[in-house]
Amino acid sequence: MKTLNAKQKTSLNGFINYGIIIVAYVIMQLLLAGDALSNKMQSLLVPVCCYIVMAISLNLTVGILGELSLGHAGFMSLGAFSGIITAAALANVMPNPILRLVIAIVVGAVIGAIGGAVIGIPVLRLRGDYLAIVTLAFGEIIKNIINVLYIGIDSEGLHIATKEANLELLEDGIAIVKGPMGAVGVTKLATFTVGAVLIIITLIVVQNLVNSRSGRAILAIRDNRIAAESVGISATKYKMMAFVTSAAIAGAAGALFGLNYSSTTAAKFDFNTSILILVFVVLGGLGNIRGSIIAAALLYILPEMLRSFNITEYRMLIYAVILIIVMLVGNNSQIKSLFGKIIPKKKGESVNG
Amino acid sequence: MKKLLTIVLVLALCLACFAGCGGKKDDATADDGTVTIKIGGIGPLTGGAATYGFATEYGAQIAVDEINALNSGIKIEYDFQDDTGVAETSVAAYNELKDWDVDVIYGCTTTAPCVAVASETFADRYFQLTPSASSPDVTAGKNNVFQMCFTDPNQGATAANFVKDNSLATKVGVIYNNGDAYSTGIAQGFIAKAGELGIEVVAEQTFPADTTTDFNVQLTACKDAGAELVFMPIYYGPASLILQQADQMGYDPIFFGGDGMDGILSIEGFDTSLAEGLMLLTPFNATSTEERTANFVNTYKERYGEVPNQFAADGYDCIYAIYEACLKIEGLADMDHAQLCEALIAVFTSGDFKVDGLTGTGMTWQVNGEVSKEAMVVEIVDGVYVQK
């Protein structure tokens with residue numbers, strides 16, 4: 001067996017991730033073309049893409065930067081609603097749906113990044129678990145703000161109010177976001193292809209960031225902040241870099257998610273959703289990007305697959321039990337060594353898989 | 001390279017497994033001349049709104065069993081899928097039903113998922129009848145979606161009319177949950193109509209969906225503004241707390257609620273004397289002695305051990321409405337879901353199609369999908385509903 005040096009190994013690892021996504025995409029397209037994919041699986045393709053991107057994004061914050069974020073759904077929410085508004089605003093100007101979707105995703109990413117910067121600037125200067133506390137609050141604040149916002153559009157431009165009656169739309173106007181109703185009547189633009197491309201772009205961004213000079217600085221801060229600062233690495237700068245990138249990617253995923261359903265409510269992006277994504281990351285392995293991809297895809301599809309067995313009442317219970325079993329088995333050294341015998345041991349595997 | 005190959009193979013296996021799950025096909029046509037209609041329900045069976053999901057599931061189940069016992073030439077196959085009250089899960093549940101070769105969609109129970117599913121059924125041409133998703137957005141722009149419940153703004157306007165017609169109050173306060181589409185919809189309908197009728201809304205108080213335990217601020221504001229009637233279009237859980245806290249602070253206006261208030265008398269540990277004089281809009285009265293209602297309530301109690309609420313009754317009526325509409329369609333056996341959808345739309349909007357159910361007699365539907373039925377206001381007197 002030929003040996004690889006560390007650098008080759010990292011890039012091979014990265015290429016395997018691209019390979020998985022491309023192969024999965026091709027297989028899905030073949031199944032779609034052959035009409036062999038059930039309606040349910042077809043409807044899950046886009047959300048799975050969104051959650052994979054979310055998991056990679058959160059892994060950048062939690063696994064690679066080493067800061068806990070408990071409000072990642074908040075960034076997703078920002079992206080979703082800004083993406084929906086952008087797509088609706090451009091509906092008359094830009095007839096091409098793919099172009100509108102791409103612009104909406106870009107806007108979602110920008111808004112997500114702004115949200116990340118607003119939180120990051122004060123909080124990432126601190127030491128300790130403050131990011132977890134602040135992002136937790138951030139997620140709730142975003143949810144409650146969007147819950148009272150009414151946003152409409154007419155020929156005069158965007159109207160924003162806190163009551164439907166105060167929107168004062170012209171005849172040609174439509175309300176896009178209606179408070180607790182959320183965004184309704186959204187034109188579905190998201191496609192599986194765009195979702196797969198978004199995953200690839202996310203992988204390119206995250207993997208190149210991690211393997212760059214900045215990425216090594218980020219890893220150094222995670223492993224030992226004092227040592228890193230002693231050699232002249234600005235902790236705040238690199239933390240901001242990772243966190244804002246993570247928030248931007250989450251915003252992009254949110255935009256894709258929002259444009260996949262005709263109605264989206266702010267309540268969807270609550271604490272539970274944040275934790276769900278954190279579960280994907282933890283079960284996939286902190287810092288392990290491939291793990292995040294696989295965990296997000298499998299764990300998102302799992303509760304839907306459980307519908308096939310006639311266990312309606314116990315579906316979510318079984319899902320929870322499986323999560324616990326996976327968590328326990330994943331940490332059991334005996335089972336790990338058993339797997340280690342079956343699969344040849346990977347020597348010197350770096351954290352950024 | 002071997003590793004890559006392994007991964008690819010494993011992936012391919014997984015995908016083949018997923019694809020295999022879609023393959024089931026049932027034969028929906030008859031063996032002895034009976035036509036089988038597959039009705040697929042969607043609603044939350046887990047999560048915070050599960051009570052309503054179970055009520056709609058059980059109510060419909062009773063109707064399905066009754067209809068199947070009739071041997072009338074139409075058999076109903078019924079499947080109810082959990083959507084956890086979330087739009088994305090609801091769309092997945094709908095696709096599960098599509099894979100089951102569903103003919104008619106019954107649901108969803110809650111509003112936001114229903115809006116998401118309705119646009120899917122509209123595109124795919126499935127007939128959809130919801131028992132309880134009450135926003136106008138559910139039916140807006142979709143000719144295949146019909147409601148069994150009142151729309152929120154209608155309910156608010158009906159309540160305002162009732163207050164005016166019976167001269168209950170001139171100054172009213174409104175307390176609603178501004179994190180909830182149902183509550184906000186009714187409250188805004190009420191406030192708009194009250195303005196037209198010259199009822200003065202002296203206090204408009206809101207609370208967010210997460211904080212439903214302390215209402216002293218909202219009650220004090222209503223009290224200080226001199227509200228003689230407090231309109232609270234909220235669910236019975238928080239409403240029971242409002243009644244308790246108002247009692248503690250010695251504030252005794254007329255309390256008026258929407259159909260979400262139905263069920264307040266069956267809360268465990270709630271002092272029902274506090275609910276005396278409470279008025280609510282409800283299409284269904286579980287204590288009614290009318291034969292069909294009494295039978296339904298008894299069957300429900302026997303099977304599921306609790307008193308059915310209006311969600312269950314709406315669900316029961318939905319199945320009967322679909323069944324009675326199917327009876328009017330010729331050539332039912334040869335129809336696929338899209339043809340059935342058009343035929344059902346034609347029957348529902350024909351004008352002479354009337355359904356008698358638990359939640360109203362002579363119910364008809366408008367072209368926009370809204371139901372026309374009598375609104376009923378009841379007052380709680382001596383622990384039972386008394387129709388006003």
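Order of the sequence lines fixes the chain letters, A, B, ..., with proteins taken first and strands second; residue numbering starts at 1 for each chain.
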Please tabulate, for the side chains in residues 50-59 of chain B, all donor-acceptor contacts under 3.5 angstrom to protein atoms that are two or more places apart in sequence or on a different chain.
from	atom 1	to	atom 2	distance (Å)
B:Thr56	OG1	B:Tyr52	O	3.0
B:Thr56	OG1	B:Gly53	O	2.8
B:Thr56	OG1	B:Thr109	OG1	3.0

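Salt-bridge annotation for B:Asp137 and A:Lys178: present, with a side-chain N of the basic residue lying under 4.0 Å from a carboxylate O of the acidic one.
Ranking A:Leu44, A:Val184, A:Asn144, A:Thr264 against chain B, the residue ahead of the rest is A:Val184, based on heavy-atom pairs under 4.5 Å. The most heavy-atom pairs under 4.5 Å with chain B, out of A:Val186, A:Ile146, A:Asn147, A:Leu317, come from A:Asn147. Taking chain A as the reference chain and counting heavy-atom pairs below 4.5 Å, the highest number among B:Thr206, B:Asn95, B:Ile191 is found for B:Asn95.
Along residues 177-184 of chain B, the residues that come nearer than 4.5 angstrom to chain A, judged on non-hydrogen atoms, are B:Asn178, B:Gly179, B:Asp180, B:Ala181, B:Thr184 in order of number. Using non-hydrogen atoms only and a strict 4.5 Å limit, the part of residues 118-128 of chain B facing chain A consists of B:Ser119, B:Glu120.
The environment of CZ in A:Phe15 is sparse: at most 12 heavy-atom neighbours from other residues, nucleotides or ligands sit within 6.0 Å.
Taken to the nearest 0.5 Å, the CG atom of B:Asp99 stands 10.5 Å off from the CE atom of A:Met41.
By the 4.5 Å heavy-atom criterion applied to side chains, A:Asn39 and B:Glu96 are not counted as neighbours.
Interface remark: A:Gln42 contributes no atoms to any contact with chain B (heavy atom separation under 4.5 Å). Heavy atoms closer than 4.5 Å to chain A are found in both the backbone and the side chain of B:Val115. For chain A, no part of B:Ala192 is nearby; none of its heavy atoms comes within less than 4.5 Å.
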Next on the checklist: side chain to side chain contact (heavy atoms under 4.5 Å, CB included) for B:Glu88 and A:Tyr300? Distances and angles first, verdict last.
Outcome noted: CA-CA 11 Å; B:Glu88 57 170 319; A:Tyr300 185 73; 2.5 Å; yes
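Considering only residues two or more places apart in sequence or on other chains, B:Asp152 meets the salt bridge (charged side-chain N to carboxylate O under 4.0 Å, His left out) condition with none of them.
Nearest heavy-atom pair, B:Ala92 versus A:Ser43, reported as atom, atom and distance to 0.1 Å: CA-OG, 4.0 Å. Taking every heavy atom of both residues into account, A:Ser263 and B:Ala87 meet most closely at O-CB, 3.9 Å.
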